[in-house]
Amino acid sequence: MASMSTVFPKSTSFLSQPLTKPHKSDSITTSISFPPNSRNRSLRTLRVRAGLIEPDGGKLVDLVVSEPRRREKKHEAADLPKVRLTAIDLQWMHVLSEGWASPLRGFMRESEFLQTLHFNLLNLDDGSVVNMSVPIVLAIDDQQKALIGESKRVALVDSDDNPIAILNDIEIYKHPKEERIARTWGTTAPGLPYVEEAITNAGNWLIGGDLEVLEPVKYNDGLDRFRLSPFELRKELEKRGADAVFAFQLRNPVHNGHALLMTDTRRRLLEMGYKNPILLLHPLGGFTKADDVPLSWRMKQHKKVLEDGVLDPETTVVSIFPSPMLYAGPTEVQWHAKARINAGANFYIVGRDPAGMGHPVEKRDLYDADHGKKVLSMAPGLERLNILPFRVAAYDKTQGKMAFFDPSRAQDFLFISGTKMRALAKNRENPPDGFMCPGGWKVLVDYYDSLTVTGNTKLPEKIPV
């Protein structure tokens, strides 16, 4: 796979907590305050060594069968009971195969599912814990369960019934859908996008086991070169000499407010004494709801952001995170942070209402906008990761650019929501100068034009990248 030499321009993030400069050694100290109702009411001090953080469990999981054994494993798979994967199942298999969920070695068995659902963690054999906040499970129906019978292994197949993986030492257990939905999303209200897509009509059983993936997952959509595994990302970051890695998760086009947050984060890390902090700009590449901008268009927009110099390609690595999007707010943002540890990030930028969405029934946000960053600061298993909350960025009318909001002169700022941004692009209207780079804005306008051309207001046509 090609190295990530195509990167996106600098990004900016504001650290709401003051960071102390390191001494002349290989470690730095970052102070993070717990909320008043936290189980630890004192100031917790995290000690983080400069360089790449160790993956959860101490070693990256790689579940892809080595090339010399692939023919043998495919023959084995041909004689096993088959479970057909949905598109979202395949995305989760991709996540597992590359070690994003390390040390998890396959779709969850019941004990792992219950630990995740009720404690947001997994207990390891050595007594330590790692964060795991979203269940990574595979559902089957009554008919599939009957066909599996007493077999302890199954073949996982794609939509054309081609074997793509083997699940070993399997365990089949009940799929408690209502409990899963309630504990993951905090509501069972109808209209949750991931629930409707992947859970409501799924089977009443879950099957877990150890995964052997027969070949690296490819989508053949022109974007595979951007899908770097945690191992490949670590190799690229080491090649660049990164002594700190700060990750920015996104599922939207990059505007200059995002860039301000990311570039400000890098400035502050340099002030702390780091010599070469690298930004991991990490757009989510799995399932998203119908009104989100599709991945191919987002990647084209990110490319323009880099080309226009909004972010610095020399200090930015752009790669696609293969996970589906759950829109599960504070629960899901822990997953987003944990996965970036496995990619080598020791700093994680979190903003307002991460992984959130509007309530599917009522006219309000589903989650409190501040809960995501508060939860991350005290989540079990994330103690090694420095959480970087940022201030709100808005359009400063006096300067003609995105800037950090100053409440003492609130009248000078214009807040352009995602809804407003989409409405402007759909109507081919321009936002204020300085909101987004011209090249990036044109991509967004072209995307909405493509919906009009195809007569489809929900599912856009894909574009070549």
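Along the sequence shown, the residues carry numbers beginning at 1.
Classified by interplanar angle (parallel below 30°, tilted 30° to 60°, perpendicular above 60°), the ring pair His336/Phe321 is perpendicular. Below 30°, between 30° and 60°, or above 60°: for Trp92 and Trp335 the angle between ring planes is between 30° and 60°, a tilted geometry.
Applying the salt bridge (Lys or Arg N to Asp or Glu O under 4.0 Å) test to every pair with at least one member in residues 320-345, sequence neighbours left out, gives these pairs: Asp56-Lys338. Applying the salt bridge (Lys or Arg N to Asp or Glu O under 4.0 Å) test to every pair with at least one member in residues 341-356, sequence neighbours left out, gives these pairs: Arg352-Asp365. Pairs engaging residues 397-413 under the salt bridge (Lys or Arg N to Asp or Glu O under 4.0 Å) rule: Asp396-Arg409, Asp406-Arg409, Arg409-Asp412 [sequence neighbours left out]. Screening residues 363-387 for ring-ring contact (aromatic ring centres under 6.0 Å, His included), with sequence neighbours left out, gives no hits.
In this structure, Glu238 does not pair ionically with Arg234, as no charged nitrogen and carboxylate oxygen lie closer than 4.0 Å. At a threshold of 4.0 Å, the pair Glu236-Arg240 counts as salt-bridged, since one of the basic side-chain nitrogens sits closer than that to a carboxylate oxygen. Under a 4.0 Å N-O distance rule, the pair Arg268/Glu271 does not qualify as a salt bridge.
Contact between Pro360 and Ala189 at its shortest, heavy atoms only, is CG-CB, 4.0 Å. The shortest heavy-atom contact between Val137 and Met108 is CG1-CB, 4.1 Å. A pairwise comparison of heavy atoms in Pro283 and Val318 identifies CD-CG1, 4.5 Å as the closest pair. Taking both residues in full, the closest heavy atoms of Ala343 and Leu280 are given as CB-CD2, 4.4 Å, listed atom of the first, atom of the second, then distance. Counting all heavy atoms, side chain and backbone alike, Arg227 lies closest to Asp224 at NH1-OD1, 2.9 Å. Taking both residues in full, the closest heavy atoms of Ile320 and Gly285 are given as CG2-CA, 3.6 Å, listed atom of the first, atom of the second, then distance.
Between the side chain of Glu98 and the backbone N or O of Val95, no donor-acceptor pair lies under 3.5 Å. Looking at Ser377, its side chain does come within 3.5 Å of a backbone N or O of Lys374 through a donor-acceptor pair. No donor-acceptor pair closer than 3.5 Å links the side chain of Trp100 to the backbone N or O of Pro322. Without hydrogens or angle criteria, Asn346 side chain to Val245 main chain gives a donor-acceptor distance under 3.5 Å. Side-chain N or O atoms of Tyr395 include one that pairs as donor or acceptor with a backbone N or O of Asp433 at under 3.5 Å. Listed for the Arg266 side chain is a donor-acceptor partner under 3.5 Å among the backbone atoms of Pro277. A distance-only check finds no donor-acceptor pair linking the side chain of Gln301 to the backbone of Pro253 [under 3.5 Å]. A donor-acceptor pair is defined here as one N or O able to donate and one able to accept, closer than 3.5 Å; such a pair exists between the side chain of Tyr327 and the backbone of Lys289. Between the side chain of His255 and the backbone N or O of Gly257, at least one donor-acceptor pair lies under 3.5 Å. A donor-acceptor pair under 3.5 Å links the side-chain atoms of Ser102 to the main chain of Val61, judged by distance alone.
Separating the CG atom in Asn131 from the CG atom in Leu385 is a distance of 10.0 Å, to the nearest 0.5 Å. Going from atom CG of Leu211 over to atom CG of Leu156 covers 6.5 Å, rounded to the nearest 0.5 Å. The distance from atom CG of Leu269 to atom CG of Asn386, rounded to the nearest 0.5 Å, is 9.0 Å. Atom-to-atom distance recorded for Leu281:CG and Thr315:OG1 is 11.0 Å, nearest 0.5 angstrom.
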> Which is it for Asn256 and Phe435 under the side chain to side chain contact (heavy atoms under 4.5 Å, CB included) test, yes or no, and what are the steps along the way?
Replying inline: CA-CA 6 Å; Asn256 290 352; Phe435 172 74; 5.8 Å; no
>> Working note: Leu382 + Ile341, criterion side chain to side chain contact (heavy atoms under 4.5 Å, CB included); need CA distance, chi angles, decisive distance, verdict.
In response: CA-CA 9 Å; Leu382 295 181; Ile341 291 177; 3.9 Å; yes
> How far apart are the C-alpha atoms of Lys235 and Lys239, what are their side-chain angles, what is the distance that settles it, and do they pass the side chain to side chain contact (heavy atoms under 4.5 Å, CB included) test?
Replying inline: CA-CA 6 Å; Lys235 188 175 179 180; Lys239 177 183 174 183; 5.8 Å; no
> Should Met402 and His258 be marked as a side chain to side chain contact (heavy atoms under 4.5 Å, CB included) after you check the CA-CA gap, both sets of side-chain angles, and the distance that decides it?
Replying inline: CA-CA 9 Å; Met402 298 297 287; His258 296 137; over 6 Å; no
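Applying the salt bridge (Lys or Arg N to Asp or Glu O under 4.0 Å) test to Asp89 and every residue at least two apart in sequence or in another chain returns nothing. Taking the salt bridge (Lys or Arg N to Asp or Glu O under 4.0 Å) definition, one finds that Arg251 meets it with Asp292, sequence neighbours left out. Shown here are the side-chain hydrogen bond (donor to acceptor under 3.5 Å, both in side chains) partners of Glu215, two or more places apart in sequence or in another chain: Lys74. Partners of Glu362 by salt bridge (Lys or Arg N to Asp or Glu O under 4.0 Å), not counting sequence neighbours, listed by chain and number: Arg364. Checked against ring pair (Phe, Tyr, Trp, His ring centres under 6.0 Å), Phe415 has the following partners two or more places apart in sequence or in another chain: Phe405. For Tyr448, there are no ring pair (Phe, Tyr, Trp, His ring centres under 6.0 Å) partners, not counting sequence neighbours. Residues meeting the salt bridge (Lys or Arg N to Asp or Glu O under 4.0 Å) test with Asp62, sequence neighbours left out: none.
Counting only heavy atoms from C-beta outward, the side chains of Gln115 and Met132 never approach each other to under 4.5 Å. Residues Thr116 and Ser133 form no side-chain contact, since every pair of their non-hydrogen atoms from C-beta on lies 4.5 Å or further apart. Within the 4.5 Å cutoff, the side chain of Phe246 has no heavy atoms near those of the Tyr348 side chain.
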Can you give the donor-acceptor pairs under 3.5 Å from side chains of residues 437-446 to other protein atoms, not counting sequence neighbours?
residue, atom, partner, partner atom, Å
Trp441, NE1, Glu429, O, 3.4
Lys442, NZ, Asp446, OD2, 2.9

